[in-house]
Amino acid sequence: MKRIAVLTSGGDAPGMNAAIRAVVRSGYYHGLEVYGVYRGYTGLIQGDIEKMELGTVGDIIHRGGTVLYSSRCEEFKTEAGRQKAVEQLKKHQIDGLVVIGGDGSFQGAKKLTALGFPTIGVPGTIDNDIPATDFTIGFDTAVNTVVECIDKIRDTATSHERTYIVEVMGRDAGDIALWAGLADGAESILIPEAPYQIDEIVERLQRSSERGKKHSIIIVAEGVGSGLDVADKITDRLGWETRVTVLGHVQRGGSPTAFDRVLASRMGAKAVELLLSGQRDMMVAIRNNDVIGIDFDEALSQKHQPRMELYDLAKILSI
Ligand code: ADP
């Protein structure tokens with residue numbers, strides 16, 4: 001193996017730049033040439049591919065987003081689109097590819113390996129929804145962003161003695177809601193993996209109000225539905241004034257936390273090691289603080305589940 005390429009695909013996540021840097025720098029360390037593919041699979045099909053040097057990835061470890069840009073690409077979902085991508089890789093004499101992205105990007109990467117092209121996935125998504133890895137790159141930063149925002153919302157919630165409903169991202173996964181909710185001492189955390197009972201939420205609110213609590217925070221994962229619906233139900237039952245904040249894309253940006261930078265550095269370097277050791281069809285994962293490779297087949301056949309003991313703990317602590 002002489003030449004490898006790296007791309008970022010799907011939803012961006014803080015720490016993707018640190019992962020790109022790790023792929024480029026460790027690639028050169030091992031005597032490889034490293035190429036960058038712009039705009040994910042779109043750029044791969046179009047041949048938007050450039051050589052990266054050690055200096056190309058200087059001064060990016062602390063920056064959110066991705067210097068290689070990202071995209072969603074319908075054409076790559078077709079056999080003909082993927083054939084074009086492989087032709088571009090061959091034209092540029094590239095022997096192996098690192099795909100930094102989420103589960104959709106990995107479905108695409110897996111299909112590239114089926115065409116015989118060695119591909120390694122690095123999990124980069126704020127949602128933490130990729131099975132087989134304890135954490136994805138960007139999740140820690142997103143949780144910290146949510147916590148920072150909720151701390152601010154809490155100030156105004158206390159001043160006005162109001163109930164705030166905060167809707168957070170996560171697609172179909174409740175991890176961001178769960179971790180931010182536990183970190184913020186939220187009254188209730190609504191996640192798609194655990195159906196909620198409005199009666200239980202209302203009782204909890206009443207109990208804390210009777211104890212003299214002046215404000216309440218309820219976190220709703222977007223996979224559950226709209227925070228506005230939850231607010232309407234609470235107002236119907238209790239007649240309380242509520243406010244809804246939808247945090248939105250602020251959660252996808254910002255400088256990555258130290259945890260995400262270290263995770264991205266370890267995972268990017270591991271992807272290069274896996275390619276060099278002849279692996280052709282794997283994703284990188286972190287389990288029990290070990291960075292390892294797992295076959296795409298094994299990883300993608302599993303279903304993601306957040307750590308439900310955190311959900312139980314949050315309930316105990318907000319009794
Ligand atoms: P993420 O990687 O963040 O989950 P998406 O689900 O949007 O983001 O996927 C990113 C891209 O990966 C898609 O635009 C498409 O090009 C490719 N992709 C997703 N699913 C598949 C699939 N089943 N087969 C081939 N390519 C796919």
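For ligands, and for the atoms within them, numbers begin at 1 and follow the listed sequence.
- The residues K315 and E200 are annotated as salt-bridged, a charged nitrogen and a carboxylate oxygen being separated by less than 4.0 angstrom.
- Remark: R171 engages D103 in a salt bridge, criterion side-chain N to carboxylate O under 4.0 Å.
- Heavy-atom proximity to Q107, at under 4.0 Å, picks out these atoms of ligand 1: 20 (N), 21 (C), 22 (C), 23 (N).
- Heavy-atom contacts of R72 reach the following atoms of ligand 1: 5 (P), 7 (O), 8 (O), 14 (O) (cutoff under 4.0 Å).
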Q: Begin with the C-alpha distance, continue with both residues' side-chain angles, and end with the deciding distance and a verdict on salt bridge (Lys or Arg N to Asp or Glu O under 4.0 Å) for E241 and R243.
A: CA-CA 7 Å; E241 202 182 357; R243 288 284 186 276; 3.1 Å; yes
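- For the pair D103 and ligand 1, a heavy-atom separation below 4.0 Å is found.
- Against a heavy-atom cut-off of under 4.0 Å, Y41 is close to the following atoms of ligand 1: 12 (O), 16 (O), 17 (C).
- Near C73, meaning under 4.0 Å from any of its heavy atoms, are these atoms of ligand 1: 13 (C), 14 (O), 15 (C), 16 (O).
- For atom 3 (O) of ligand 1, the closest non-hydrogen atom on the protein side is G11 N, 3.1 Å.
- The pair E75-K84 counts as a salt bridge, with a side-chain nitrogen and a carboxylate oxygen less than 4.0 angstrom apart.
- Nearest non-hydrogen protein atom to atom 11 (C) of ligand 1 is S9 OG, 3.7 Å.
- Salt-bridge formation is not detected for the pair R307/D175: no Lys NZ or Arg NE/NH1/NH2 atom is positioned less than 4.0 Å from an Asp or Glu carboxylate oxygen.
- Of all the heavy atoms of K111, the ones lying under 4.0 Å from any atom of ligand 1 belong exclusively to the side chain.
- When only interatomic distances are considered, the shortest N/O to N/O separation between S105 and ligand 1 falls below 3.5 Å.
- Nearest protein neighbour of atom 18 (N) of ligand 1, counting heavy atoms only, is G104 O, 3.2 Å.
- If you chain together hydrophobic residues whose side chains sit under 4.5 Å apart, I292 and I286 never meet in one group.
- Of all the heavy atoms of R171, the ones lying under 4.0 Å from any atom of ligand 1 belong exclusively to the side chain.
- Of the protein's heavy atoms, G108 CA, 3.6 Å lies nearest to atom 25 (C) of ligand 1.
- Ligand 1 has no nitrogen or oxygen under 3.5 angstrom from a nitrogen or oxygen of G10.
- The shortest N/O to N/O separation between G101 and ligand 1 does not fall below 3.5 Å.
- Counted within 6.0 Å of CD on E309, heavy atoms from surrounding residues, nucleotides or ligands total more than 12; the atom is thus considered enclosed.
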Q: Would you sort out whether E187 and K213 count as a salt bridge (Lys or Arg N to Asp or Glu O under 4.0 Å), showing the intermediate values?
A: CA-CA 11 Å; E187 246 63 46; K213 198 163 178 193; 2.6 Å; yes
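- For the pair D12 and R252, the salt-bridge criterion is met [side-chain N within less than 4.0 Å of a carboxylate O].
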